[in-house]
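These numbers were taken from a predicted model, which means no experiment stands behind them.
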Amino acid sequence: MKVLEYISEGVKHFTLLDPDKSVDYLKIAKTALDAGTDGLLVGGSLGIPSEELDEVVKDLKSVAHVPVVLFPGTICQITPRADAILFLSVLNSQDPYFIVGAQLQGAVILAKHYPQLEVISTAYLLVGDGGAAGYISSARPIPLRRPDIAVAYALAARYMGFNAVYLEAGSGAPEPVPTAMVRAVRKYLDRVLIVGGGIRSGKAAEEIARERPNVIVTGTIAEEQPEKLGEIVRSIRSAVKP
Ligand code: 1GP
């Protein structure tokens, strides 16, 4: 099954592993897999050498029975060992490089060298704090109280043909993407919706899951309080139980 198809069904939990931050990525991944995470995202705002990324993804693939998906912060974060890549365009960046510049460089690498890698075109929208991703990509984050602006961007992404929209509060953000914003975007978006950033509790994950995004991503919690991952995964499952 293609990864896009897999994430289109239900509400899944993905664990973000940032190899630049976590030396213990394999340990974190195993904890997340034991907790029942549905997939692993690999990447971060700052790069690591591509040979290292290759090794990281190889290691993760050896333990994971779920998809391993690239979440590149730079064009160096591409390896054919992953199952898919979120081909990100930061639609609310003020710098064309992050909207289409890096993408044209990355597209050539993908087409020439790794045509087998599944590509999931993703409109990446920074919200609220925006974190390191927002800072580095020169984004003008969507204010937390303006779900209408998020909807406008999501509609633009849909009409532009993106496979997915990713609402990102930023890694370690003080608060997650507001549920009202997720609800508003879900209402208009008939594509994959991914939500992440600042989710630290089962309650926060459950509230977001009730709005039926397709993927909820947590990263920091896996590094700082891995014991909470089980609670987060269970909360998502119980929120969407028929
Ligand atoms: C993925 O950046 C997030 O979208 C991860 O955020 O580290 O705050 O969980 P946290």
Side-chain angles (χ1 to χ4, degrees), residues 2-4 6-7 14-23 25 28-29 39-61 64 66-93 95-127 130-139 141 157 160 162-172 192 194-197 214-215 217-220 222-223:
K2 291 270 189 200
V3 175
L4 182 61
Y6 172 74
I7 60 176
F14 269 52
T15 300
L16 172 65
L17 300 162
D18 183 346
D20 170 57
K21 283 200 234 154
S22 33
V23 253
Y25 61 88
I28 297 173
L40 302 175
L41 276 189
V42 187
S45 301
L46 304 173
I48 60 165
S50 46
E51 318 82 70
E52 263 180 52
L53 180 73
D54 238 32
E55 281 304 302
V56 169
V57 174
K58 187 173 149 211
D59 289 347
L60 293 175
K61 285 289 297 173
V66 295
V68 176
V69 179
L70 301 175
F71 178 52
T74 69
I75 60 156
C76 301
Q77 295 178 34
I78 303 179
T79 163
R81 293 186 187 273
D83 295 300
I85 179 169
L86 295 186
F87 194 69
L88 304 166
S89 173
V90 187
L91 283 196
N92 59 342
S93 173
D95 181 344
Y97 178 76
F98 294 98
I99 304 170
V100 74
Q103 294 70 12
L104 77 88
Q105 296 172 324
V108 173
I109 298 174
L110 288 171
K112 249 197 208 166
H113 303 284
Y114 316 128
Q116 72 277 27
L117 196 59
E118 181 184 343
V119 176
I120 301 174
S121 63
T122 304
Y124 193 51
L125 299 174
L126 279 306
V127 173
Y135 177 80
I136 290 173
S137 65
S138 305
M160 289 162 89
F162 283 92
N163 298 130
V165 167
Y166 194 138
L167 295 176
E168 171 70 272
S171 189
V192 164
I194 307 170
V195 179
N214 299 93
V215 182
V217 182
T218 62
T220 306
E223 285 167 25

In residues 108-119, what donor-acceptor pairs under 3.5 Å come from side-chain atoms, sequence neighbours left out?
{"unit_1": "E118", "atom_1": "OE1", "unit_2": "V3", "atom_2": "N", "d": "2.7"}
{"unit_1": "E118", "atom_1": "OE2", "unit_2": "V3", "atom_2": "N", "d": "3.3"}
{"unit_1": "E118", "atom_1": "OE2", "unit_2": "L4", "atom_2": "N", "d": "2.9"}

Checklist entry - Checking side chain to side chain contact (heavy atoms under 4.5 Å, CB included) for the pair S50/I78: CA distance, chi angles, key distance, verdict? => result CA-CA 7 Å; S50 46; I78 303 179; over 6 Å; no
Item to check | side chain to side chain contact (heavy atoms under 4.5 Å, CB included) between F14 and I7, worked out | outcome: CA-CA 10 Å; F14 269 52; I7 60 176; 3.7 Å; yes
Item to check | Worked check of side chain to side chain contact (heavy atoms under 4.5 Å, CB included) between L70 and V57 | outcome: CA-CA 9 Å; L70 301 175; V57 174; 4.0 Å; yes
Next on the checklist: Could you go through I136 and L46, starting from their C-alpha distance and side-chain angles, then the distance that decides it, and tell me whether this counts as side chain to side chain contact (heavy atoms under 4.5 Å, CB included)?
Outcome noted: CA-CA 9 Å; I136 290 173; L46 304 173; 3.7 Å; yes
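In plain terms, the two heavy atoms of I28 and E223 that are nearest each other are CD1-CG, 3.6 Å. Across G172 and T220, no two heavy atoms sit closer than the pair N-OG1, 3.6 Å. Here the closest non-hydrogen pair linking T74 and S45 is CG2-O, 4.0 Å. Residues V68 and A82 share a closest heavy-atom pair of O-CB, 3.6 Å. Between S137 and L126 the shortest heavy-atom distance is OG-CD2, 4.1 Å. Here the shortest heavy-atom pairing between S93 and I99 reads O-CD1, 3.5 Å.
Counting heavy atoms from C-beta outward, P19 and V42 have side chains that approach closer than 4.5 Å. In this structure, the side chains of S171 and D18 stay at 4.5 Å or more apart for every pair of heavy atoms. By the 4.5 Å heavy-atom criterion applied to side chains, K61 and D83 are counted as neighbours. Using a 4.5 Å heavy-atom threshold, the side chains of V69 and L86 count as touching.
Between the CD1 atom in I194 and the CG atom in L88 there is a gap of 8.5 Å [rounded to 0.5 Å]. I85 contributes atom CD1, which lies 11.5 Å from atom CG of L41 (distance to the nearest 0.5 angstrom). Atom OG1 of T122 and atom CZ of F71 lie 9.0 Å apart (nearest 0.5 Å).
Distance alone, capped at 3.5 Å, places no donor-acceptor pair between the T79 side chain and the L53 backbone. Judged purely by atom type and a 3.5 angstrom limit, E168 has no side-chain atom pairing as donor or acceptor with the backbone of G130. Looking at Q77, its side chain never comes within 3.5 Å of a backbone N or O of I75 through a donor-acceptor pair. In terms of modelled atom types and a separation under 3.5 Å, the side chain of N92 and the main chain of A139 share no donor-acceptor contact. Panel note: side chain S121, backbone N163; a donor-acceptor pair is recorded below 3.5 Å.
None of F98, Y166, F162 except one satisfies the side-chain contact (heavy atoms from CB on, under 4.5 Å) rule with Y124; the exception is Y166.
Not a single salt bridge (charged side-chain N to carboxylate O under 4.0 Å, His left out) links D95 to another residue, sequence neighbours left out.
Within 6.0 Å of OH on Y97 lie more than 12 heavy atoms contributed by other residues, nucleotides or ligands.
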